[in-house]
Amino acid sequence: MTEKEFLSEVWRAHDIVLTSEGIKARVQNVCFTTRSVRIKMPGDGMPEWIRCELIEAHTTQKGDACDPATIIEELHYKLLAAQETIEKKTEKIKELEEKVNKNHLKDLLCALNLMKQGLQEKKHKMAQIENGLQMIDDVIAKLNGGEKDE
């Protein structure tokens, strides 16, 4: 790998490099000033710094390419997928809002309950008025009956 390629790649911890000796190792650290990476050697586990000239290939932890164009392309596809998901969710929300607005049965039930409550209140007030009139009639009857006795 040339210095220009080394500087143009996107480096992350745990990326995988293939050395010129055919060793696959995980990246632990990157030093851009010396253009080298610190890798953990398989087996003995001793970390070692190797220069960019000794690196044959560099891939992500998943095995994808690490050049900016590939990363931008992946992000573009993720963005398109997210946008599609947002559009689907927006359509679903509109459908649910229409269903809520079309719930005429709920509105009718609410109106019936209000009418029932109003009729019960009216019935109660009418009963109170009738009781009051009956009391007045009783008082009048007592007054009339009391005058006849005298």
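Q128 pairs by the side chain to side chain donor-acceptor pair (under 3.5 Å) definition with H124, not counting sequence neighbours. Annotation: side chain to side chain donor-acceptor pair (under 3.5 Å) contacts of Q134 (sequence neighbours excluded): D138.
Atom NE2 of residue H76 and atom CD of residue E73 lie 8.5 Å apart, to the nearest 0.5 angstrom. Note that CG of L96 is 11.0 Å distant from NZ of K89, once rounded to the nearest 0.5 Å. Going from atom CG of L18 over to atom CG of L54 covers 11.5 Å, rounded to the nearest 0.5 Å. A distance of 11.5 Å separates CD of E130 from CG of D137, quoted to the nearest 0.5 Å. Atom SG of C110 and atom CE of M115 lie 12.0 Å apart (nearest 0.5 Å). Put simply, CD1 on I140 and CE on M135 are 12.5 Å apart, with the number rounded to the nearest 0.5 Å.
Taking 4.5 Å as the limit, every side-chain heavy atom of V37 sits out of range of all side-chain heavy atoms of N29. The shortest distance between side-chain heavy atoms of K92 and E95 falls below 4.5 Å. You'll find the side chain of T19 reaches within 4.5 Å of the side chain of I50, heavy atoms only. When side chains are defined from C-beta on, I39 does not count as touching W49, because their heavy atoms never get closer than 4.5 Å. Residues I16 and R26 are in side-chain contact: their nearest non-hydrogen atoms beyond the backbone lie under 4.5 Å apart. You'll find the side chain of R51 reaches within 4.5 Å of the side chain of R35, heavy atoms only.
Taking every heavy atom of both residues into account, A25 and K40 meet most closely at CB-O, 3.5 Å.
The pair E98-K94 does not meet the salt-bridge criterion, since no charged nitrogen lies less than 4.0 angstrom from a carboxylate oxygen.
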Item to complete: Before giving the answer on salt bridge (charged side-chain N to carboxylate O under 4.0 Å, His left out), spell out for K78 and E74 the whole-Å C-alpha distance, their side-chain angles and the decisive distance to 0.1 Å.
Response: CA-CA 6 Å; K78 285 183 181 179; E74 288 176 14; 5.6 Å; no
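Here the rule is side-chain contact (heavy atoms from CB on, under 4.5 Å) with Q117, and of N113, L119, L114 only L114 fits it.
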